[in-house]
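Just below is one structure, and these are the notes that go with it.
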Amino acid sequence: MAPERVERRLAAVLAADVAGYSRLMGTDEEGTLARLKAIRRELIDPTIAVHRGRIVKTTGDGMLVEFGSAVDAVRSSLDVQTKIAEQNASAPQQQRIEFRIGIHVGDIIIDDDDIFGDGVNIAARLEAIADPGGICLSDDAYRQVRSKVEAAFEDMGHKNLKNIAEPIRTWRMKIGAQASVEHHPASIEAHQMRSSSAKPSIAVLPFQNMSGDNEQAYFADGIAEDVLTTLSKIQELMVIARNSSFAFKGQNRDIREIGQILGARYLLEGSVRKIGNRVRLTAQLIDSRDGGHLWADRFDGNLDDVFDLQDRITQEIVEALEVQLTVGERARVWRKRSGSPLAYEYVLKGRALYVNFARQTHAQARKFFEQALAINPAFMPALYLLGLTLTDQARFGWEKDEDDTYQAALDCADRALAADPSFGEAYLVIGYVRTFQRRHDEAVAAGEMAISLAPSSSDAHHMAGMYHGYAGNFRRAAVYEEHAQRLSPIERNESMVDEARARFHLGDFAAAHDIASRVLKQRPLWLTAQSTLTAALWNLGRQDEARIIATDLLANHPSFSLARWARLLPYRRQSDLDALVNPLRMAGLPE
């Protein structure tokens with residue numbers, strides 16, 4: 001007997017659901033259902049019909065819709081989201097219904113009036129990662145609409161979607177002028193959030209240590225990181241952060257796979273051989289789409305020449321990618337650096353200790369940075385890292401005199417800016433200190449200055465997001481943390497924790513729960529993630545689960561005290577701190 005013929009066709013599939021539906025139902029079940037039915041009847045269903053869509057099925061708060069073209073699907077979604085945003089503008093926060101929409105173009109299987117297949121599955125997964133009030137497209141859908149729909153799109157890079165075999169490149173659609181401020185505050189600063197498709201994206205992989213001495217590995221890492229740092233100061237490049245690109249250290253993986261995982265078109269790889277006072281650097285720039293070499297070169301010199309060698313690599317990359325620098329960028333990128341080779345080695349050793357983030361290793365790192373500055377008092381990388389180290393030591397109580405330690409950190413920033421007023425990292429030190437001194441306006445201004453001077457710096461976006469979060473600017477904080485994660489798609493836990501907290505304060509407890517849970521899968525003892533998850537669960541009405549997490553938190557941190565912990569959180573507004581602490585108190589955490 002011949003197998004039954006399966007009917008297939010190519011279609012644009014739209015999946016949608018209500019963000020925070022469980023919370024809305026828990027707060028006002030009857031009212032939520034009434035509002036949802038009214039929106040469906042008066043707005044969504046007629047709009048879909050106008051754009052020639054077919055509602056395949058509805059599932060409580062969700063729906064699946066088929067369109068004949070991606071353009072119709074996107075225009076319908078844009079109309080719906082814009083009108084709902086207008087309605088929500090006059091509605092109380094706790095009554096707002098916001099949809100998340102995912103759109104994919106792909107092959108579907110038709111069975112009676114229902115549809116199945118990867119085309120449907122991918123749309124559903126895209127909906128799950130869309131912002132409340134937002135629209136997320138697959139690359140297949142984006143290519144169909146990019147020149148046909150009047151809208152701005154932001155490249156989110158390749159995403160690993162649940163139960164989908166291969167990473168999917170995804171795009172976020174920006175919703176109008178008013179709604180983009182409400183849901184995607186990144187549009188406020190258009191220069192920071194331009195579609196990354198317009199910029200060459202590049203990742204600097206860890207350079208191989210060819211010196212025959214494992215203790216020289218820090219030197220090879222430092223060379224690669226300094227090239228990366230210089231590239232991140234260029235507006236017309238999108239540079240993947242060190243924490244993500246260095247995750248491939250020691251791995252023998254296909255260059256095309258690495259590019260896909262990082263969302264980077266171009267990859268720089270190289271090697272360093274240091275013997276005595278001689279240094280040899282080799283570097284090659286690769287197109288990750290096909291593995292082709294765009295440029296390769298070898299650089300030989302004395303240790304005294306190492307900074308010039310780094311700048312020659314960076315300059316040739318810029319020329320190979322045909323990037324045009326502004327006058328200001330040329331001044332920042334090609335500045336003459338005066339660090340001595342020995343001071344440079346001290347900084348590299350100190351940096352390797354600093355990232356361990358513990359009291360003892362911070363003390364050791366501080367000694368190396370101070371040794372570097374004893375050789376060259378104006379060596380900016382040493383001043384930057386010493387400033388961060390001192391701030392950490394003050395905020396965690398690792399130094400007895402907190403005020404003097406904070407002031408010493410600010411002095412480091414001032415000395416760096418005296419040497420080079422365009423040294424953006426100095427502003428991160430200023431913002432860091434001012435945040436914990438609760439001088440929030442100064443902290444936020446410093447964060448914005450750091451981003452303007454290093455627009456592709458994941459650290460600048462993450463730390464500026466933290467400054468905004470404690471200042472109460474939670475929407476801006478969330479979008480900066482999102483962008484930091486785009487620049488660092490693998491190692492991004494610090495940024496995700498701060499985004500989770502910002503989402504919590506925005507009332508999106510479901511998103512805060514999801515993000516904090518993902519962090520805890522990799523860092524199960526992280527106090528900030530545990531506390532955010534506990535508070536989010538409590539506000540979602542899942543009190544029993546919140547108590548379980550609170551119990552785990554106390555098991556991991558037996559000396560935890562709400563009062564002592566709260567004193568370390570430098571919120572501008574007491575009401576914001578109370579919003580986070582009160583659910584923790586009700587979940588059973590001790591005062």
Side-chain angles (χ1 to χ4, degrees), residues 354-359 361-363 365-366 369 383-417 424-451 457 459-474 476-478 480-481 484 493-502 504-505 526-529 531-532 557 560-581 584:
Y354 172 81
V355 296
N356 292 319
F357 217 91
R359 182 173 189 158
T361 51
H362 262 48
R366 177 176 173 176
F369 300 142
L383 289 167
Y384 165 56
L385 289 166
L386 179 58
L388 294 182
T389 303
L390 291 166
T391 307
D392 290 335
Q393 290 180 319
R395 65 177 282 219
F396 291 117
W398 295 343
E399 282 290 321
K400 292 182 180 179
D401 196 322
E402 178 181 303
D403 291 340
D404 283 353
T405 307
Y406 277 137
Q407 186 56 53
L410 291 174
D411 290 344
C412 289
D414 290 342
R415 289 163 58 188
L417 290 172
E425 290 87 340
Y427 290 100
L428 293 181
V429 174
I430 294 171
Y432 199 22
V433 172
R434 293 310 190 198
T435 290
F436 286 92
Q437 290 181 327
R438 290 171 167 78
R439 294 168 62 168
H440 293 287
D441 291 339
E442 294 173 61
V444 165
E448 296 293 339
M449 182 64 76
I451 289 176
S457 169
D459 287 342
H461 282 86
H462 161 51
M463 295 185 74
M466 180 180 69
Y467 308 157
H468 275 288
Y470 283 124
N473 308 325
F474 299 119
R476 184 71 68 88
Y480 279 174
E481 298 300 351
N493 289 319
E494 288 81 0
S495 179
M496 289 174 68
V497 163
D498 283 336
E499 185 193 354
R501 192 160 49 191
F504 173 87
H505 287 296
W526 198 338
L527 177 60
T528 307
S531 59
T532 303
H557 308 277
F560 178 84
S561 155
L562 270 176
R564 185 170 57 250
W565 176 72
R567 283 196 297 270
L568 298 175
L569 303 179
Y571 282 96
R572 184 202 293 266
R573 296 189 292 257
Q574 182 65 36
S575 59
D576 292 331
L577 179 60
D578 291 342
L580 181 62
V581 170
L584 301 179

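Numbering starts at 1 and runs along the sequence shown.
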message: Going by the rule ring pair (Phe, Tyr, Trp, His ring centres under 6.0 Å), which residues pair with His440 if we only count those two or more places apart in sequence or in a different chain?
response: none
- prompt: Can you list every pair that meets salt bridge (Lys or Arg N to Asp or Glu O under 4.0 Å) and has a residue in residues 401-413, with sequence neighbours left out?
  reply: none
- prompt: Residues two or more places apart in sequence or in another chain: which of them pass ring pair (Phe, Tyr, Trp, His ring centres under 6.0 Å) with Trp526?
  reply: none
- prompt: Excluding sequence neighbours, so at least two apart, what forms side-chain hydrogen bond (donor to acceptor under 3.5 Å, both in side chains) with Arg573?
  reply: Asp576
message: List the residues meeting side-chain contact (heavy atoms from CB on, under 4.5 Å) with Ala365, not counting sequence neighbours, and say none if there are none.
response: Leu353, Tyr354, Phe369
query: With sequence neighbours left out, what residues match Ala358 under side-chain contact (heavy atoms from CB on, under 4.5 Å)?
result: Thr361
- prompt: Excluding sequence neighbours, so at least two apart, what forms side-chain hydrogen bond (donor to acceptor under 3.5 Å, both in side chains) with Asp459?
  reply: none
- line: Residues at least two apart in sequence or cross-chain that pass salt bridge (charged side-chain N to carboxylate O under 4.0 Å, His left out) with Arg415, listed by chain then number, are none
query: Rounded to the nearest 0.5 Å, what separation is found between the NE2 atom of His468 and the OH atom of Tyr480?
result: 4.5 Å
Any residue meeting side-chain contact (heavy atoms from CB on, under 4.5 Å) with Thr435, in chain and number order, not counting sequence neighbours: Ala443, Tyr467, Tyr470, Pro570
- line: Hits for side-chain contact (heavy atoms from CB on, under 4.5 Å) against Arg439, two or more places apart or cross-chain, chain-then-number order -> Arg434, Gln437, Glu442
message: Any non-hydrogen side-chain atom of Tyr406 less than 4.5 Å from a side-chain atom of Thr391?
response: yes
field: ring pair (Phe, Tyr, Trp, His ring centres under 6.0 Å) partners of Phe504, counting only residues at least two apart
entry: Phe509
field: Residue list, ring pair (Phe, Tyr, Trp, His ring centres under 6.0 Å) with Tyr427, at least two apart or on another chain
entry: none
